[in-house]
Amino acid sequence: MTKPVNKYLLVEYEKQEEKTAGGLYMPTKVTGTAQDILVKGTVKAIGNKCENDIEIGNTILFNKHAYVNVPDSKDLLLVREEDVYAVEE
């Protein structure tokens, strides 16, 4: 498994639903600004210099433009701790 260093988090990306509860598909330009910028993921590993109260297993909201793809993985990303906007409880 990939282990992040410094202030990076290893995050498993959660695909966002593009379909409404009624079954309609919504293009991203119509859904709103917060949904266009923030995406969800589950923390799988934490770098050795992270200082926030983020724990393995937390679901986080982070900027969808601020990550690096992990090679040979479709759903794993490296996200900087400072690019996390919120932790869901």
Side-chain angles (χ1 to χ4, degrees):
M1 177 187 224
T2 303
K3 181 166 175 42
V5 295
N6 297 320
K7 293 187 174 194
Y8 280 88
L9 305 168
L10 182 66
V11 176
E12 183 176 18
Y13 173 73
E14 291 182 16
K15 280 199 149 217
Q16 304 297 311
E17 289 293 323
E18 296 176 1
K19 189 165 60 168
T20 66
L24 298 174
Y25 285 93
M26 298 293 287
T28 5
K29 298 206 183 233
V30 177
T31 57
T33 57
Q35 197 171 20
D36 289 342
I37 297 171
L38 298 179
V39 291
K40 282 185 185 182
T42 303
V43 177
K44 297 297 183 183
I46 300 171
N48 57 335
K49 294 189 179 179
C50 288
E51 299 170 350
N52 287 327
D53 294 331
I54 299 171
E55 298 175 0
I56 293 173
N58 283 152
T59 298
I60 59 171
L61 295 173
F62 59 95
N63 185 325
K64 78 174 186 180
H65 301 294
Y67 64 81
V68 176
N69 289 316
V70 174
D72 301 326
S73 173
K74 286 192 260 181
D75 299 329
L76 291 178
L77 312 170
L78 288 170
V79 178
R80 291 183 303 185
E81 181 184 30
E82 63 195 38
D83 291 321
V84 175
Y85 287 86
V87 177
E88 288 188 346
E89 294 183 352

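Because only heavy atoms are used, hydrogens play no part in the values below, and waters and symmetry mates are left out as well, while side chains stay in. Everything numeric here is computed off the predicted structure, so don't read it as measured data. Residue numbers count from 1 along this sequence.
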Enter the distance from [X]:[atom1] to [Y]:[atom2] here, rounded to the nearest 0.5 Å.
{"X": "D83", "Y": "Y8", "atom1": "CG", "atom2": "OH", "answer": "8.5 Å"}
{"X": "C50", "Y": "E82", "atom1": "SG", "atom2": "CD", "answer": "10.5 Å"}
{"X": "L78", "Y": "L10", "atom1": "CG", "atom2": "CG", "answer": "6.0 Å"}
{"X": "K7", "Y": "I46", "atom1": "NZ", "atom2": "CD1", "answer": "13.5 Å"}

Enumerate the side-chain hydrogen bond (donor to acceptor under 3.5 Å, both in side chains) contacts for residues 42-56, please, sequence neighbours excluded, ordered by first and then second residue.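 Matches after skipping sequence neighbours: E12-K44, E14-T42, N52-E81.
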If you apply the rule side chain to side chain contact (heavy atoms under 4.5 Å, CB included), what do you find for V11 with I60, and how did you get there? CA-CA 9 Å; V11 176; I60 59 171; 3.7 Å; yes
Step by step, work out the side chain to side chain contact (heavy atoms under 4.5 Å, CB included) result for V84 and L61. CA-CA 6 Å; V84 175; L61 295 173; over 6 Å; no
Are the side chains of L77 and N69 in contact, using a 4.5 Å heavy-atom criterion?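 Contact flag for N69/L77 side chains = yes.
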One pair to check against side chain to side chain contact (heavy atoms under 4.5 Å, CB included): Y85 and L38. What are the steps and the verdict? CA-CA 8 Å; Y85 287 86; L38 298 179; 3.4 Å; yes
Can you check side chain to side chain contact (heavy atoms under 4.5 Å, CB included) on F62 and V39, steps first, answer last? CA-CA 6 Å; F62 59 95; V39 291; 3.4 Å; yes
